[in-house]
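All values reported here derive from a predicted model rather than from experimental measurement. Letters A, B, ... mirror the listed sequences (proteins, then strands); counts begin at 1.
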2 protein chains.
Amino acid sequence: MRLVLLGLFSILLGACGGIPLRGTGDLGLVIERASGHVTLVNTSSRQPYARIGGLGDLSHASVVYSRDARYAFVFGRDGGLTKIDLLEARIVKRVMQSGNAIGGSISQDGRIVVAQNYTPGGIKAFDAETLELLSEVPAEYAPGRFSKVVGLADVPGNKFAYALFDGGEIWVSDFSEPKKPVTKRYPAGLQPYDGLVTPDGRHYLAGLFGEDGVALLDLWQPEKGARKILEKYGRGEEKLPVFKMPHLRGWSVAAGRAWLPAIGRHEVLVADAATWKETGRVAVKGQPVFVMASPDGRQIWVNFAFPDNGWVQVIDTLSGQVVQTLQPGKAVLHMEFTPRGEAVWLSARDDNRVVIHDTKSFRNLGSFAADAPSGIFFTSRAARIGF
Amino acid sequence: MRLVLLGLFSILLGACGGIPLRGTGDLGLVIERASGHVTLVNTSSRQPYARIGGLGDLSHASVVYSRDARYAFVFGRDGGLTKIDLLEARIVKRVMQSGNAIGGSISQDGRIVVAQNYTPGGIKAFDAETLELLSEVPAEYAPGRFSKVVGLADVPGNKFAYALFDGGEIWVSDFSEPKKPVTKRYPAGLQPYDGLVTPDGRHYLAGLFGEDGVALLDLWQPEKGARKILEKYGRGEEKLPVFKMPHLRGWSVAAGRAWLPAIGRHEVLVADAATWKETGRVAVKGQPVFVMASPDGRQIWVNFAFPDNGWVQVIDTLSGQVVQTLQPGKAVLHMEFTPRGEAVWLSARDDNRVVIHDTKSFRNLGSFAADAPSGIFFTSRAARIGF
């Protein structure tokens with residue numbers, strides 16, 4: 001009797017006593033790329049609270065969140081798709097969805113998770129609850145020819161926009177009927193290598209590797225087709241050595257202007273976000289990788305490619321000037337603002353640390369150990385379009 | 001022995017077994033104004049999951065959320081400030097902070113909750129954890145003369161902007177030191193009656209009751225002072241009967257334009273959000289109250305004052321045309337979009353129902369009973385500036 005009761009107690013304690021009740025609005029996840037781990041973090045306490053392993057190859061890994069901000073979907077480089085419960089701090093489910101993948105997204109209604117794949121090229125849609133495969137769209141741009149898919153982003157109406165590197169096209173797939181997606185195709189240019197959606201979900205932009213310029217598709221008027229903007233954007237006349245192609249997903253629209261990493265140059269480009277014409281350039285310390293606006297659009301934080309990846313600079317969008325230069329740590333790979341922007345978290349890979357800075361005073365607010373940290377993703381992404 | 005064990009079981013079950021683990025990203029709260037209740041809701045299941053009473057006078061009540069999206073702070077008309085735990089579905093703490101209040105806000109870092117008061121006029125800052133009073137700023141605009149405070153909104157840097165109805169000023173208080181707020185004053189115009197902050201937290205706008213026009217303060221350059229924009233905004237030359245002063249908090253900025261309820265007219269005004277010049281008007285079914293943009297800025301949803309408060313119209317921001325006219329229920333008082341905008345929830349007070357519509361197809365997605373519902377507030381507000 002006593003043993004049975006003790007057993008019952010253990011079950012009760014195990015099922016609930018060990019898991020604190022907590023809101024999920026201030027949680028997040030740090031990718032530890034080298035070892036296939038993720039560290040779960042709290043942006044209120046500015047501390048990690050759990051660590052989970054067994055996630056495979058996490059180089060270039062990205063994360064989206066369920067609409068209740070409880071579950072993270074981690075897309076690994078090796079095609080692994082892992083669903084993590086932030087409350088129970090455990091892997092709920094893991095599927096190998098392809099052999100070679102590069103990120104994913106979640107539908108506006110939160111019901112469909114979509115992964116984009118290099119090999120075999122295409123996208124696959126999964127039920128966000130069960131990770132059951134619902135449908136796939138092979139990126140067959142010509143009979144028998146399949147393209148790598150890049151730049152996948154969710155857009156309103158349970159649609160996803162993405163670009164075909166080999167096919168030179170932007171595709172928009174409508175998953176209103178999750179098992180019967182309907183896809184439309186738009187010629188874009190030579191070798192789109194990444195893409196992004198503006199914060200309002202209206203414009204899809206794809207950077208071109210095979211030619212200078214950026215392809216722009218107005219998703220409110222897709223029938224007009226993609227057009228070329230920023231025609232000098234790229235390596236330009238002089239072919240410069242490029243240490244790392246910048247992440248387009250790092251592009252920012254703030255204060256009515258787009259802030260873009262120049263390719264191969266120590267510059268951030270500024271363009272009018274209505275006309276998409278270049279209006280200025282800001283000299284910075286290295287080749288920019290991520291160019292990220294604070295949530296209020298007042299600051300642009302910039303990190304750099306090797307050998308300048310120990311520096312971070314901050315541009316004030318009102319004056320257009322660099323107002324701060326920091327050395328947060330060695331090899332700063334990624335930055336993430338807290339939901340309302342009072343702080344920014346930075347991954348210093350070669351210091352094995354995540355470092356936190358105040359965005360007003362720029363002072364260091366703390367740090368914690370992480371094993372070769374790269375991407376940082378907070379749950380506030382659950383409520384936003386275009387990831 | 002058996003009784004003791006049963007007792008222990010009950011405690012364990014009560015403390016944890018009864019409270020399901022859940023993310024808080026898809027939760028929210030509906031104000032039931034007549035009876036002092038709130039109904040807790042889930043935007044994934046589209047259903048209520050709990051109901052809490054004892055909140056006092058909830059006419060004109062408003063709500064902000066803690067940064068972990070677990071706690072709601074409800075500001076009642078009678079000066080009551082109530083902290084609700086959405087997970088345990090209970091009141092954590094309740095204080096009567098004044099005799100006559102009109103809403104509140106929460107600081108960028110989530111540590112300070114501020115209430116704005118009519119009587120005695122001023123704002124009071126509370127610790128978000130304990131509701132302990134930290135400091136207050138009496139709205140004493142001239143020796144011995146205190147003003148009603150309206151239009152309180154949080155702005156970056158742990159500041160709050162608000163307007164003094166009797167004092168004719170906009171004040172900005174910096175709570176970087178929560179017990180020693182520092183306040184700056186800007187002349188605004190005659191009788192500001194409400195205010196709002198643009199979604200980026202940059203511009204504070206106060207509508208004027210005593211004269212036509214709107215006072216605009218650029219919070220990035222406050223030293224330039226407030227200036228008057230939209231100089232015909234108000235009751236204008238012909239003094240029209242106004243059934244209900246529109247809520248400025250309902251103002252929207254979408255697709256580069258501001259969409260405003262005309263006062264006393266069956267129109268929505270459109271202004272360029274860069275120059276603040278009026279660029280057009282859209283004829284609608286009644287006197288608009290809330291003019292709210294969907295999260296992607298593609299749609300503007302409009303409800304109306306009596307006798308047209310059974311109607312709701314939708315304006316497409318690309319064409320500038322009304323594209324849908326709905327009758328969701330009797331006396332539609334408020335609307336709230338789901339975080340990524342796939343649905344909108346509407347309070348139909350005189351039907352005692354909350355009604356949910358799809359924003360793409362406009363079809364009814366469901367409804368549930370609530371006692372004279374008014375404001376609807378989702379936890380995604382926790383991650384946004386300017387509430």
Scored by heavy-atom pairs under 4.5 Å with chain B, the best of A/Ala69, A/Ser107, A/Gly256 is A/Ser107
B/Ile385 portion near chain A, given a 4.5 angstrom heavy-atom threshold: both
Side-chain heavy-atom pair A/Asp296, B/Arg202 within 4.5 angstrom cut-off: no
Could you tell me which portion of B/Arg384 (side chain, backbone, both or neither) has an atom closer than 4.5 angstrom to a non-hydrogen atom of chain A? backbone
Among A/Thr43, A/Leu86, A/Thr338, single out the residue with the greatest number of heavy-atom pairs under 4.5 Å to chain B. A/Thr43
Go through the atoms of B/Ile106 and report whether side chain, backbone, both or neither lie under 4.5 Å from a heavy atom of chain A. both
Residues, nucleotides or ligands: over 12 heavy atoms within 6.0 Å of A/Glu129 CD: no
With sequence neighbours excluded, residues passing salt bridge (charged side-chain N to carboxylate O under 4.0 Å, His left out) with A/Asp316: A/Arg298
Return yes if a side-chain donor-acceptor contact under 3.5 Å exists between A/Thr317 and A/Arg257, otherwise no. no
So which part of A/Ser176 gets closer than 4.5 Å to some heavy atom of chain B, the side chain, the backbone, both or neither? side chain
Positive for salt bridge (Lys or Arg N to Asp or Glu O under 4.0 Å) with B/Arg340, one of A/Asp200, A/Asp154, A/Asp109: A/Asp154
I'd like to know which of B/Asp68, B/Thr24, B/Asp85 tops the heavy-atom pair count under 4.5 Å against chain A. B/Asp68
Quick one: what part of A/Thr379 sits under 4.5 Å from any heavy atom of chain B, side chain, backbone, both or neither? neither
Evaluation steps, salt bridge (charged side-chain N to carboxylate O under 4.0 Å, His left out), between B/Arg70 and B/Glu88: CA-CA 9 Å; B/Arg70 174 173 177 173; B/Glu88 299 192 27; 3.4 Å; yes
